[in-house]
Amino acid sequence: MNRIRNIVILTGAGVSAESGIDTFRAGTDGGPSLWEQHRIEDVATPEGFVRDPDLVHRFYDMRRAAIQQKQPNAAHMALARLDAVWTDNLLIVTQNVDDLHERAGARRVLHMHGEHLKAWCTACRSRSAWREALFGRPPCPVCQSRSLRPDVVWFGEMPYEMDRIHAALLDADLFVSIGTSGAVYPAAGFVRNARDLGAQTLELNLEPSQGSAMFHETRLGKAGDLVPAWVAEILGGG
Ligand SMILES: [Zn+2]
């Protein structure tokens, strides 16, 4: 195998699950998709926000408060270590809206689905760091309008920074997908993009994802076990 220089890592719910962070569950057998007993349509779509903004604000206020009590796990720590020492290009594209990659020390992180700890002003389009509740409609720090919403990409909305992600995939020698279901596009398509462009592809997951067949290699197990082992291997020149 050619020497690996440029790495793109996609992380999903499976990486944060071991830190005790809840995530939405896709419906099985035709049942509704739920997130903490709420239907996805109610708490994770623009239409749900228009219908009942109080419910949506309460829901994200609880999530925002909860993640601040959680701690990064061994998978976050290992990826941060890789980020710290890897001198070529590396990008951690995460579907997670928590800040555990950053709290573990990772710097090259792109939140394609937004962040719990930011608020987005629909009046002036600015984004502000945010740790408190939005339920009481606090004013935007930039324009004072009471038009803040969670800076989280909802179903039906376009993920952030797709151009930057595709540029990174174009240059990638190795694409690693960690703890994602492989069910949510466009992220589910990254493996095909990377592979078509010549990258090696590796999946680390608790169980085979919907896209497992697309990867050159799949390793099954807990992210907290698999990720530190993989990082040690790649830093060892493996
Ligand atoms: Zn504003």
Checklist line | Which residues share a ring pair (Phe, Tyr, Trp, His ring centres under 6.0 Å) with Tyr160, sequence neighbours left out | finding: none

Checklist line | Donor on one side chain, acceptor on other, Glu102 and His111, under 3.5 Å | finding: yes

Note to self: Is it true that Ser212 and Glu203 share a donor-acceptor pair across their side chains at a distance under 3.5 Å?
What the structure shows: yes

Got a second to check how far [X]'s [atom1] is from [Y]'s [atom2], nearest 0.5 Å?
X: Ile92; Y: Leu82; atom1: CD1; atom2: CG; result: 7.0 Å
X: Asp88; Y: Leu174; atom1: CG; atom2: CG; result: 12.0 Å
X: His76; Y: Thr11; atom1: NE2; atom2: OG1; result: 6.5 Å
X: Trp230; Y: Leu235; atom1: CH2; atom2: CG; result: 8.5 Å
X: Arg58; Y: His38; atom1: CZ; atom2: NE2; result: 9.0 Å

Tell me which donor-acceptor pairs under 3.5 Å the side chains of residues 180-188 have, and how far apart each pair is, sequence neighbours excluded?
unit_1, atom_1, unit_2, atom_2, d
Thr180, OG1, Ser177, OG, 3.3
Ser181, OG, Ala183, N, 3.1

Item checked: With Arg51 via salt bridge (Lys or Arg N to Asp or Glu O under 4.0 Å) - residues at least two apart -> Asp42

Notebook entry, point to check: Parallel, tilted or perpendicular: which fits the ring planes of Phe215 and Phe175, with parallel below 30° and perpendicular above 60°?
Noted result: parallel

Notebook entry, point to check: So Phe49 and His57, would you call those rings parallel, tilted or perpendicular, with 30° and 60° as cut-offs?
Noted result: perpendicular

[X] atom [atom1], over 12 foreign heavy atoms within 6.0 Å:
X: Asp54; atom1: CG; answer: yes
X: Met62; atom1: CE; answer: no
X: Lys70; atom1: NZ; answer: yes

What I'd like to find out is whether the side chain of [X] reaches to under 4.5 Å of the side chain of [Y], using heavy atoms alone.
X: Arg81; Y: Val231; result: yes
X: Val8; Y: Val176; result: no
X: Trp130; Y: Glu132; result: yes

Margin query: For a side chain to side chain contact (heavy atoms under 4.5 Å, CB included) check, start with the C-alpha distance between Val152 and Trp120, then their side-chain angles and the critical distance, and finish with the verdict.
Written below: CA-CA 9 Å; Val152 167; Trp120 177 37; over 6 Å; no

Expected list for residues 139-147: side-chain donor-acceptor pairs under 3.5 angstrom, two or more places apart:
unit_1, atom_1, unit_2, atom_2, d
Ser145, OG, Ser147, OG, 2.4
Arg146, NH1, Arg137, O, 2.7

Item checked: Other cluster members, Leu100 - Ile/Leu/Val/Met/Phe/Trp/Tyr, side-chain contacts below 4.5 Å -> Ile21, Ile67, Leu117

Next item on the list: Establish, yes or no, whether the cationic atom of Arg192 lies under 6.0 Å from the six-membered ring centre of Phe190 and within 45° of the ring axis.
Entry: no

Notebook entry, point to check: Got a sec, which residues hit side chain to side chain donor-acceptor pair (under 3.5 Å) with Glu115, two or more places apart in sequence or on another chain?
Noted result: Lys118

